[in-house]
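Before any comments, here is the structure.
These figures come from a predicted structure and were not determined experimentally.
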2 protein chains.
Amino acid sequence: MVVLRNPDETRRRILEAALEEIHLRGFQGMRVEHILTRTKLTKGALYHHFANKMAIGYAIVDEILGQDVMNRWVMPLKDSDDPVKTIIDICEQERAGNTASEIEKGCPINNLSQEMSPIDEGFRERLEAVYQEWTGAIADALRRGQEKGTIRKEVSPEKVAKFLLASLQGIIGVAKCCRHDNMLDDMADCLKDYLMQLRVS
Amino acid sequence: MVVLRNPDETRRRILEAALEEIHLRGFQGMRVEHILTRTKLTKGALYHHFANKMAIGYAIVDEILGQDVMNRWVMPLKDSDDPVKTIIDICEQERAGNTASEIEKGCPINNLSQEMSPIDEGFRERLEAVYQEWTGAIADALRRGQEKGTIRKEVSPEKVAKFLLASLQGIIGVAKCCRHDNMLDDMADCLKDYLMQLRVS
DNA sequence: ATATTGACAGACCAACCGGTCTGTTTATAT
DNA sequence: ATATAAACAGACCGGTTGGTCTGTCAATAT
């Protein structure tokens, strides 16, 4: 039988179900009722753990999405003196793990950023914080690469880090809409070319 | 006094008001009531011109956003043998015309694409069509540039066109969220560098 | 054993929101 | 002048939705 009364687990289940809904329909499109259906919980349970719908969204950014960036990007880059290789590895790994329907849903961080940044400052601040640790990790790795002699001296670590993040999000974003043949791979090839040319030749 | 009974003008006013709302709040966040407030029209008038909310969204993509891309990108690129210069000009022109609050709202095409592509095929098809004429125009210009000797032979016009569009949308998208100092300009600098290096040196 | 509190159940509600429907007014064709 | 249809007005409606409130049940401390 199911384990009864496990508040931490219940909270986690709510956030996971909410993220799945938000990933597909956006935060405004997500319905509290749907979370209840997915988790087989009731209103009472959900509103015991969260003050309102907004609090669920904030918790997802802070706890789930922030952690994802930490695990998938910040940590691997911390141990890397060859950031170009590491970034390409992460991208290819991510690419391999994503089904077609995952591609159509895009990056939840970017989705939330596009949708909520202009209309809710709480979301914007949290998402900006995630982006900052993301670009920060890339910039640090690029700088270390320069010291180790794997990255060209002329590149500005901060600027290029921001551009890389933007390009990556742009690629994922465009691929959501343009399902046409090898759209994603074509764009990824160009990003890879750009990355390779950051290296000392 | 105001001109009475001008159906074409009324329709246009509805679409413009709807676009402003959608630009800020997204399609799902846009409320029909708000359009009525903005336009000082009534339900009867609005639903005389459009079958439902969805039809308003579709019309905006087809008529307004599609035309914008045509005017701002496709036409200028058609007359250009130096696409790199033309693209940079368009970007800088766009940049100059955008206030801070415009930047926070991002590109309506990208916004709609992120929000609606995964949940409504009608939106997705229309937005993909816009993206296709956009990248098509860039690819054509790059190819012409290669023939005229301004663009390097090694670049793939189709691939680079897609990547340029994605990077641009990514930059605009990230800048929506990260208001921090010179985020936008830092990323734009990198894109400019990438563009310049497409040229024959 | 019992009190207390956190975890959860679920009926209920008020506001919202897209859409309908009937009626009125204006333009246009004849 | 009159018929006709398009353009518009606005009251109304039913389903949805986030949130509340009262009550119940289980775990834990004493």
Side-chain angles (χ1 to χ4, degrees), chain A residues 1-61 63 112 115-116 119-123, chain B residues 1-61 63 112 115-116 119-123:
Chain A
M1 202 38 206
V2 197
V3 182
L4 299 174
R5 299 290 157 115
N6 189 338
D8 290 348
E9 173 75 4
T10 301
R11 187 190 145 90
R12 201 189 53 77
R13 277 172 55 215
I14 293 171
L15 290 183
E16 263 182 30
L19 176 54
E20 282 181 55
E21 280 284 311
I22 290 171
H23 197 182
L24 178 63
R25 307 190 189 280
F27 179 75
Q28 297 178 104
M30 176 268 277
R31 300 291 116 121
V32 176
E33 275 295 337
H34 293 180
I35 301 181
L36 303 182
T37 308
R38 278 178 182 270
T39 57
K40 285 171 183 157
L41 290 170
T42 59
K43 280 270 174 78
L46 190 142
Y47 280 99
H48 173 75
H49 288 279
F50 297 96
N52 47 38
K53 187 184 174 183
M54 200 64 86
I56 299 176
Y58 289 174
I60 286 176
V61 178
E63 299 168 34
L112 277 174
E115 179 189 5
M116 299 305 293
I119 54 177
D120 185 87
E121 183 64 11
F123 262 110
Chain B
M1 203 38 205
V2 198
V3 182
L4 299 174
R5 299 288 157 115
N6 189 337
D8 289 349
E9 174 74 5
T10 301
R11 187 191 145 89
R12 200 190 53 78
R13 278 172 55 213
I14 293 171
L15 289 183
E16 263 182 29
L19 176 55
E20 282 182 55
E21 281 283 313
I22 290 171
H23 198 182
L24 178 64
R25 305 190 191 280
F27 179 76
Q28 297 179 105
M30 177 269 276
R31 298 292 117 124
V32 175
E33 274 296 337
H34 292 179
I35 302 180
L36 302 182
T37 309
R38 277 178 184 270
T39 56
K40 284 170 185 157
L41 290 170
T42 59
K43 280 270 173 79
L46 190 142
Y47 280 99
H48 173 74
H49 288 279
F50 297 95
N52 47 38
K53 188 184 174 183
M54 200 63 88
I56 299 176
Y58 288 175
I60 285 175
V61 178
E63 299 169 32
L112 278 174
E115 180 190 6
M116 300 306 292
I119 54 178
D120 185 86
E121 183 64 10
F123 261 111

Members of residues 21-29 of chain A that approach DNA chain C, where some heavy atom sits under 4.0 Å away:
none

Please encode protein proximity along nucleotides 19-30 of chain C as a string of B, S and -, counting only heavy-atom distances under 4.0 Å.
BB----BS----

A:R13 CZ - C:dC8 P separation (whole Å):
9 Å

Under the ring pair (Phe, Tyr, Trp, His ring centres under 6.0 Å) definition, can you give me all pairs with a residue in residues 4-58 of chain B, not counting sequence neighbours?
B:F27-B:F123, B:Y58-B:F123

Mind checking what makes side-chain contact (heavy atoms from CB on, under 4.5 Å) contact with A:E63, not counting sequence neighbours?
A:R11, A:L15, A:A59

Taking only residues two or more places apart in sequence, or in another chain, which ones meet B:L19 in a side-chain contact (heavy atoms from CB on, under 4.5 Å)?
B:I60, B:I64, B:L65, B:P108

Listed by chain and number, what are the side chain to side chain donor-acceptor pair (under 3.5 Å) partners of B:R25, not counting sequence neighbours?
none

Within this structure, what is the CD-CD distance for the pair A:E115 and B:E115, rounded to the nearest 0.5 Å?
6.0 Å

Minimum-distance nucleotide to B:L41 side chain [options: D:dA7, C:dA9, D:dA9]:
D:dA9

So, using side chain to side chain donor-acceptor pair (under 3.5 Å) as the criterion, who are the partners of B:R31 when residues are at least two apart?
none

Rounded to whole Å, how long is the line connecting atom CZ of A:R31 with atom P of D:dG19?
11 Å

Give every residue pair that meets the salt bridge (Lys or Arg N to Asp or Glu O under 4.0 Å) criterion with at least one member in residues 44-54 of chain A, sequence neighbours excluded.
none

Who passes side-chain contact (heavy atoms from CB on, under 4.5 Å) against A:E9, sequence neighbours left out?
A:N6, A:R12, A:R13

B:T42 side chain: which of C:dA9, D:dC8, D:dG18 is closest?
D:dC8

Write down the distance between CG (A:N6) and P (C:dA7), rounded to a whole number of angstrom.
10 Å

